[in-house]
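What you see is a predicted model, and the numbers here were worked out from it, not measured in a lab.
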2 protein chains.
Amino acid sequence: MYFSLLKMSVSIDNFLKAVYVLGIEEGKKVTGSALAARLGISSAGITDMSRKLSRKGIVDYSPYKEIVLTETGKLEALQVIRKHRLWELFLYKVLNMDMADIHKEAERLEHETSIELMHRLDEFLGFPQYDPHGEPIPSIEGLLPDESDLIPLVEVNEGMRVKIIRISIREKEVYEMFQHYGIKPGIKIEVIRLFDFDGSMEIRIKGEKLILPGSLVTLILCKEGKNVHYGDQ
Amino acid sequence: MYFSLLKMSVSIDNFLKAVYVLGIEEGKKVTGSALAARLGISSAGITDMSRKLSRKGIVDYSPYKEIVLTETGKLEALQVIRKHRLWELFLYKVLNMDMADIHKEAERLEHETSIELMHRLDEFLGFPQYDPHGEPIPSIEGLLPDESDLIPLVEVNEGMRVKIIRISIREKEVYEMFQHYGIKPGIKIEVIRLFDFDGSMEIRIKGEKLILPGSLVTLILCKEGKNVHYGDQ
DNA sequence: ATACAAATTTAAGCAAGCTTAATTATTTTT
DNA sequence: AAAAATAATTAAGCTTGCTTAAATTTGTAT
């Protein structure tokens, strides 16, 4: 059974989460400036934090080298993400909050959630595997479901019909754009045409055709066939 | 409709709550040392904070004088208390957490609760008026129910039968003592004898006689007659 | 290979919220 | 009313998590 031995802070939690999401979920290189941009702090702040966490054995780091989570750091990051996603589901499904607001709220609650509270929330929600955005909820052991059948919308061929599984966004503003288009996890669409020059995509959704900007297309993951796993229904 | 214009911090919230509970709920004089003891910080820290909050117009204070909440400060304190008690009820009734644990958990969540979240929680809980300890939940406007019919257990005469309405505790350890005696809001007891020398009290609870230490007696508020208001049932 | 640009680190500094130790007020006791 | 005890304040300093500006390293382009 997991329990943390290290005293974490909100700043550390957020740092670890950023390293995890950037490096592992998004598969990008974890550079100082990418972290700085994501966390909204200066590069000097990133260097400071990296050195500190390296001393604590939570990340591997030496000057001018890439920042990598140690096993401890990765588990810690996954726990914070777990709490975040449990709260998102709770806020959306139980308290009926607007999907565009749940991220920011969960961002605050995740840091004040004891292991016991996390367990109770998990139980109350029926041990869910996915949050309302379709993101997987890591288990207590830090395990994630298999997702090899998910494909980025960008890679879907013209003429194919797919189900939207996940929309990876953090910003309320962006979420509101998706709401405007009627796009959310669980919805089926047909890809009519991909405009290579900027990644925009013409799709059919609920019988209507529309053009989805490239900037939104890249945020969507989908799946062929009929299985859904959004919200676990 | 209430909404705060001031940027508060966890420390400020806790300070205001302490001033409110000590001065208004417990009717004691709000001295620096009492605050220091309650908040677990040094007196120097209290002086610092008092001066700062005075500048912000949240408390009235000048050196060596008593600390008093301004209207703004009082409203702010009541909002934090409202959030705290809503969370306590949620944790107890919805997540089935142990009564002895809910205070500490709510103590953390209360500071990360937006107005919107507070509203949703309130609605989900059915606009409750009391928390699981029997403490009243302030309204959004900062109003509290009339409680003129509540009497401290210490003042109850020998031979009287009363219903326990409220047990004012913060510490898990103390709560566990009450659990041991089977005492909680909603329970009826008969006062058999009051031992003046230390305030201990012999009572009958569920047919059994027992002696309740004076230190516990002073934490109980009760009511004659048959109306309950614990948890709003 | 050199020069320039971009990224990163270092250095110095700041605000919040504390601490301890020393000083000063206030209150209580005699 | 003075002395003693208690309480509050001031002063100096610490840690965390930042900041800006300058210096340095690394990567890129010619």
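- By the side chain to side chain donor-acceptor pair (under 3.5 Å) test, B:Asn157 is found to be paired with no residue, residues two or more places apart in sequence or in another chain being considered.
- Residues of residues 16-37 of chain B having a heavy atom closer than 4.0 Å to DNA chain D, listed by number: B:Thr31, B:Gly32, B:Ser33.
- From one end of the helix from C:dA1-D:dT30 to C:dT30-D:dA1 to the other, with five pairs defining each end axis, the axis direction shifts by 0° (rounded to 10°).
- The side chain of B:Tyr61 places no N or O atom within less than 4.0 Å of a non-bridging phosphate oxygen (OP1 or OP2) of D:dA8.
- Qualifying side chain to side chain donor-acceptor pair (under 3.5 Å) partners for B:Ser62, counting only residues two or more places apart in sequence or in other chains: none.
- D:dT16 atom C1' lies 15 Å from atom CD1 of A:Ile46, rounded to whole Å.
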Practice prompt. Treat primed atoms plus P, OP1 and OP2 as sugar-phosphate and everything else as base, then score nucleotides 15-25 of chain C 5' to 3': B for base contact with protein heavy atoms under 4.0 Å, S for sugar-phosphate contact only, - for none.
Written response: --SBBB---BS

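- For A:Ile41, the side chain to side chain contact (heavy atoms under 4.5 Å, CB included) partners two or more places apart in sequence, or in a different chain, are A:Leu39, A:Ile46.
- In this view, A:Asp101 and A:Met97, A:Asp98, A:Lys172 satisfy the side chain to side chain contact (heavy atoms under 4.5 Å, CB included) rule, not counting sequence neighbours.
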Side-chain polar contacts of residues 11-37 of chain B - donor-acceptor pairs under 3.5 angstrom, sequence neighbours left out - could you list them?
| residue | atom | partner | partner atom | Å |
| --- | --- | --- | --- | --- |
| B:Asp13 | OD2 | B:His111 | ND1 | 3.2 |
| B:Asn14 | OD1 | B:His111 | NE2 | 3.1 |
| B:Asn14 | ND2 | B:Val10 | O | 3.4 |
| B:Lys17 | NZ | B:Glu107 | OE1 | 3.2 |
| B:Lys17 | NZ | B:Glu110 | OE1 | 3.3 |
| B:Lys17 | NZ | B:Glu110 | OE2 | 2.6 |
| B:Glu25 | OE1 | B:Arg85 | NH2 | 3.4 |
| B:Glu25 | OE2 | B:Arg85 | NH1 | 3.4 |
| B:Glu25 | OE2 | B:Arg85 | NH2 | 3.0 |
| B:Glu26 | OE1 | B:Lys28 | NZ | 3.0 |
| B:Glu26 | OE1 | B:Arg38 | NH2 | 3.1 |
| B:Glu26 | OE2 | B:Arg38 | NH2 | 3.0 |
| B:Thr31 | OG1 | B:Ala34 | N | 3.1 |

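- Taking side-chain N and O atoms only, A:Arg51 has a distance below 4.0 Å to OP1 or OP2 of C:dT10.
- Remark: A:Leu194 engages A:Glu158, A:Asp196, A:Met201 in a side chain to side chain contact (heavy atoms under 4.5 Å, CB included) (not counting sequence neighbours).
- When the P atom of D:dG17 is taken as reference, atom CG of A:Asp13 falls 10 Å away, rounded to whole Å.
- At least one donor-acceptor pair under 3.5 Å links the side chain of A:Thr70 to the backbone N or O of A:Ile58.
- A:Arg82 places no side-chain N or O within donor-acceptor distance of the main-chain N or O of A:Ile137, the cut-off being under 3.5 Å.
- Residue B:Phe15 is classed as having no contact, given no heavy-atom separation below 4.0 Å to the nucleic acid.
- For B:Tyr64, the side chain to side chain contact (heavy atoms under 4.5 Å, CB included) test picks out no residue, with sequence neighbours left out.
- The salt bridge (Lys or Arg N to Asp or Glu O under 4.0 Å) test applied to A:Glu116 returns A:Arg120, not counting sequence neighbours.
- Pairs engaging residues 48-61 of chain B under the side-chain hydrogen bond (donor to acceptor under 3.5 Å, both in side chains) rule: none recorded [sequence neighbours left out].
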